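Each remark here refers to the structure printed beneath this line.
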Amino acid sequence: MRSKVAVSQAGSRHYQGKGIVHSIESCGTVDGPGLRFVLFMQGCLMRCLYCHNRDTWDMHTDKALELSVEEVMKQVLSYRHYLKATGGGVTATGGEPLLQYEFIRNWFKACRTHDIHTCLDTNGYALHYDNILEELLDNTDLVMLDLKQIDPEIHKTLVGIANTKTLNFARYLAERNQAVRVRFVIVPGYTDDERSAHLLGEFIGDMGNIDTVELLPYHELGAHKWALCGDTYKLEGIHPPARETVLGIKEILEGYGKKIIY
């Protein structure tokens, strides 16, 4: 069953055949199954208080790389045997890769011709439901969807914008029966309570396309980037959640029939 969201033929008027890339990790181990070739894309419309990639928010920076699919694939293919041997592949992350969805579609289609596993790591902020998004998802083996907070008011405080687009995207993926792994960051004071865990479980409980939830304890490793970008890190003094907190959330979500990894 396809989503009730209207599908148009529109794309981005700004796409010129290249992706704007923040950085590349050739053998990533935390961005999907196995070893991954990871593209960190520039651009994000969310303003998460805990963002550890603050330097990816702006679409254009002096340090950004502009790369064609052919240039990226040349690098990917040099690692393909290592990726496949570990059950890995490629991952588009960021920033938010859906802001450059034409490039990601073209890249994933190229990977598919070489039987390379593709993973989209996204916050679900889809601006267009069109044939380009359809083709991108048709060539995506796994979506890792960040569901940051189901409560709309807490989400707006934590992220800066409403979660309406993200939740609609999650429903759209469910209607497509798209393979999804949910990622949930446990941020003390924002998402570490039982109510937040139950709201997440209730939202995804009936979504058969989601079999796994990955719990990601908040960390402070990217805090220094905020100062480098001229910003103040507002979660200064907040530390990673206790193990007992993580295990409590794990137990709640398991009650909704989901496999939990952390």
Side-chain angles (χ1 to χ4, degrees), residues 3-6 40-59 93-101 120-129 133 143-174 180-207 210 213-223 225-227 229-241 245-246 248-249 252-253 256 258:
S3 171
K4 296 179 182 179
V5 176
F40 293 85
M41 307 302 294
Q42 285 288 155
C44 187
L45 298 179
M46 291 189 178
R47 297 294 181 260
C48 299
L49 297 181
Y50 58 85
C51 182
H52 60 274
N53 288 326
R54 168 62 186 87
D55 47 347
T56 65
W57 286 2
D58 298 330
M59 184 67 76
T93 184
E96 175 44 56
L98 284 181
L99 295 183
Q100 300 191 59
Y101 72 150
L120 177 69
D121 181 13
T122 176
N123 62 33
Y125 203 85
L127 295 176
H128 307 286
Y129 286 82
L133 181 63
V143 175
M144 295 198 301
L145 178 62
D146 294 323
L147 292 181
K148 302 172 187 295
Q149 172 58 266
I150 305 302
D151 182 286
E153 294 305 317
I154 301 175
H155 185 280
K156 193 168 184 179
T157 299
L158 181 64
V159 175
I161 58 176
N163 59 8
T164 307
K165 286 186 181 296
T166 296
L167 300 187
N168 284 341
F169 188 68
R171 297 184 185 102
Y172 176 70
L173 295 175
V180 171
R181 174 192 296 180
V182 165
R183 288 182 140 185
F184 183 67
V185 181
I186 303 173
V187 186
Y190 295 91
T191 64
D192 63 336
D193 57 290
E194 292 185 0
R195 176 176 176 271
S196 293
H198 279 294
L199 286 175
L200 176 61
E202 290 165 4
F203 181 74
I204 66 175
D206 293 334
M207 294 180 174
I210 300 172
V213 178
E214 183 176 3
L215 300 180
L216 301 170
Y218 162 80
H219 62 72
E220 306 161 88
L221 299 180
K225 296 182 181 179
W226 288 65
C229 293
D231 283 344
T232 300
Y233 188 67
K234 296 181 180 179
L235 298 186
E236 188 74 36
I238 293 180
H239 305 297
T245 300
V246 177
I249 292 174
I252 289 172
L253 292 174
Y256 291 90
K258 302 303 179 185

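Being a predicted model, the structure only gives us computed values, none of them experimental.
Residues A162 and K156 share a closest heavy-atom pair of N-CG, 4.5 Å. Taking each heavy atom of P188 and P241 in turn, the nearest pair found is CG-N, 4.1 Å. Here the closest non-hydrogen pair linking F169 and L145 is CD2-CD1, 4.0 Å. In this structure, L133 and Y172 approach most closely via the heavy-atom pair CD2-CE2, 3.9 Å.
Annotation: the span from L99 atom CG to H128 atom NE2 amounts to 9.0 Å, rounded to 0.5 Å. Atom CZ of residue F203 and atom CG of residue L167 lie 4.5 Å apart, to the nearest 0.5 angstrom. Distance check: E194 CD to T245 OG1 gives 10.0 Å after rounding to the nearest 0.5 Å. Here CZ of F40 is found 9.0 Å from OG1 of T56. Values are rounded to the nearest 0.5 Å. With rounding to the nearest 0.5 angstrom, the CG atom of L49 is 8.0 Å from the OG1 atom of T157. To the nearest 0.5 Å, atom CZ of residue R47 and atom CG of residue L158 are 14.0 Å apart.
Contact check for L45 versus L127: side-chain heavy atoms found under the 4.5 Å cut-off. Using a 4.5 Å heavy-atom cutoff, the side chains of D151 and R195 are in contact. Between H198 and I252, the closest side-chain pair of non-hydrogen atoms falls below 4.5 Å. The side-chain heavy atoms of T191 and I154, taken from C-beta on, include no pair separated by under 4.5 Å. Looking at heavy atoms from C-beta onward, D146 lies out of side-chain contact with M46 at the 4.5 angstrom threshold. Side-chain contact between V213 and Y256 is absent, with no heavy atoms from C-beta onward closer than 4.5 Å. Contact of the M207 side chain with the R171 side chain is registered, since non-hydrogen atoms from C-beta on lie closer than 4.5 Å. Residues C229 and W57 have side chains not in contact (no heavy-atom distance under 4.5 Å, counting atoms from C-beta outward).
When atom types are taken as modelled, the side chain of N123 and the backbone of Y125 share a donor-acceptor pair closer than 3.5 angstrom. For the pair K258 (side chain) and I210 (backbone), a donor-acceptor distance under 3.5 Å is present. A donor-acceptor pair is defined here as one N or O able to donate and one able to accept, closer than 3.5 Å; such a pair exists between the side chain of Q100 and the backbone of Q42. Using modelled atom types, no side-chain atom of H52 and backbone atom of A223 make a donor-acceptor pair closer than 3.5 Å. Put simply, the side chain of D193 gets close to the backbone of S196: a donor and an acceptor are under 3.5 Å apart. Proximity of a side-chain donor or acceptor of E214 to a complementary backbone N or O of R181 within less than 3.5 Å is not detected. Counting only distance, with no hydrogens or angles, the side chain of N163 and the backbone of Q149 share a donor-acceptor pair below 3.5 Å. In this structure, T122 contributes its side chain and G124 its backbone to a donor-acceptor pair below 3.5 Å.
The aromatic rings of Y233 and W226 sit perpendicular to each other, their planes meeting at more than 60°, with 30° as the lower class boundary.
With sequence neighbours left out, the side chain to side chain donor-acceptor pair (under 3.5 Å) criterion links N53 to K225. In this view, D231 and R54 satisfy the salt bridge (Lys or Arg N to Asp or Glu O under 4.0 Å) rule, not counting sequence neighbours.
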Using side-chain contact (heavy atoms from CB on, under 4.5 Å), reason through L253 and V182 one step at a time and then give a plain yes or no.
CA-CA 11 Å; L253 292 174; V182 165; over 6 Å; no
With side-chain contact (heavy atoms from CB on, under 4.5 Å) as the criterion, how do Y218 and L235 come out once you've worked through the C-alpha distance, each side chain's angles and the decisive distance to 0.1 Å?
CA-CA 10 Å; Y218 162 80; L235 298 186; 3.7 Å; yes
